[in-house]
Amino acid sequence: MNNLEYKGYYGSIEYNKEEKCLYGKVLGMAKDLISYEGITVEELENDFKAGIDSYLEGCAELGIKPRKGYNGVFNVRIPPAIHSRIAIFAETHGTSINAVVREKLEREFAL
């Protein structure tokens with residue numbers, strides 16, 4: 001993936017042809033926007049890190065918990081037949097549906 005990463009936050013990398021600059025935003029932050037830009041990759045990375053540091057400092061000053069883009073919880077809608085197959089597999093293997101899905105996703109995304 002071509003994303004920036006810093007302190008558990010991930011950011012996009014985009015190019016503005018008209019302005020001839022790089023820009024991006026922290027991914028997964030539905031309620032807070034952290035954006036950054038730079039002419040060079042180094043400037044982009046530095047502004048990305050400065051934006052996250054500023055966000056975290058602001059949260060600390062306000063006494064609020066910083067949001068993370070991804071908290072590890074999501075709902076997935078699947079056909080009942082697949083749900084049934086996963087549930088039966090989990091039960092016959094002495095585990096949970098969450099454990100089965102987590103294992104498959106970890107294998108697919110090589111964590």
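Any value given below was found using the heavy atoms of this structure, including those in side chains, with hydrogens, waters and symmetry copies removed. Everything quoted here is computed from the prediction, not taken from an experiment.
A donor-acceptor pair shorter than 3.5 Å cannot be found between the side chains of Asp47 and Tyr23.
Taking all atoms of both residues into account, the shortest heavy-atom contact from Cys59 to Pro66 is SG-CA, 3.8 Å. Nearest heavy-atom pair across Asn2 and Ile13 is O-CD1, 3.7 Å. A pairwise comparison of heavy atoms in Ser12 and Asn3 identifies CA-OD1, 4.0 Å as the closest pair.
No path of Ile, Leu, Val, Met, Phe, Trp and Tyr side chains, each step under 4.5 Å between heavy atoms, connects Leu62 with Leu56, placing them in separate hydrophobic clusters. Residues Met29 and Leu33 do not share a hydrophobic cluster, defined by chaining ILVMFWY side chains whose heavy atoms lie under 4.5 Å apart. A chain of hydrophobic side-chain contacts below 4.5 Å, direct or via other Ile, Leu, Val, Met, Phe, Trp or Tyr residues, connects Val76 to Leu105. In the hydrophobic cluster analysis, where Ile, Leu, Val, Met, Phe, Trp and Tyr join through side-chain heavy atoms closer than 4.5 angstrom, Phe74 is grouped together with Val100.
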Check your understanding: Does the pair Thr40 and Leu44 meet the rule for a side chain to side chain contact (heavy atoms under 4.5 Å, CB included), with working shown?
Key -> CA-CA 6 Å; Thr40 66; Leu44 181 75; over 6 Å; no
* Given the rule in the side chain to side chain contact (heavy atoms under 4.5 Å, CB included) test, do Thr95 and Glu103 qualify, once you have shown the distances and angles that lead to the verdict? -> CA-CA 11 Å; Thr95 190; Glu103 180 183 322; over 6 Å; no
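Of the inter-residue distances, the one linking His83 atom NE2 with Arg77 atom CZ reads 11.5 Å to the nearest 0.5 angstrom. Residue Ser84 holds its OG atom at 9.5 Å from CD1 of Ile78, rounded to the nearest 0.5 Å.
Side-chain atoms of Tyr9 and Glu5, non-hydrogen and from C-beta on, never get closer than 4.5 Å to each other. Taking 4.5 Å as the limit, every side-chain heavy atom of Lys20 sits out of range of all side-chain heavy atoms of Ile39. Looking only at side-chain heavy atoms (C-beta outward), Asn16 and Glu37 stay at 4.5 Å or farther from each other. Contact annotation: the side chain of Tyr36 approaches that of Leu4 to within less than 4.5 Å [non-hydrogen atoms, C-beta and beyond]. Contact check for Glu14 versus Leu22: no side-chain heavy atoms found under the 4.5 Å cut-off.
For Glu43, the CD atom counts as densely surrounded, since its 6.0 Å shell holds more than 12 non-hydrogen atoms of other residues, nucleotides or ligands.
A donor-acceptor pair under 3.5 Å links the side-chain atoms of Thr92 to the main chain of Ile88, judged by distance alone.
Here Lys49 does not pair with Glu45 in a salt bridge; the nearest charged N to carboxylate O distance is not below 4.0 Å.
Within the cation-pi definition used here (under 6.0 Å to the ring centroid, within 45° of the axis), Lys104 qualifies as a partner of Phe89.
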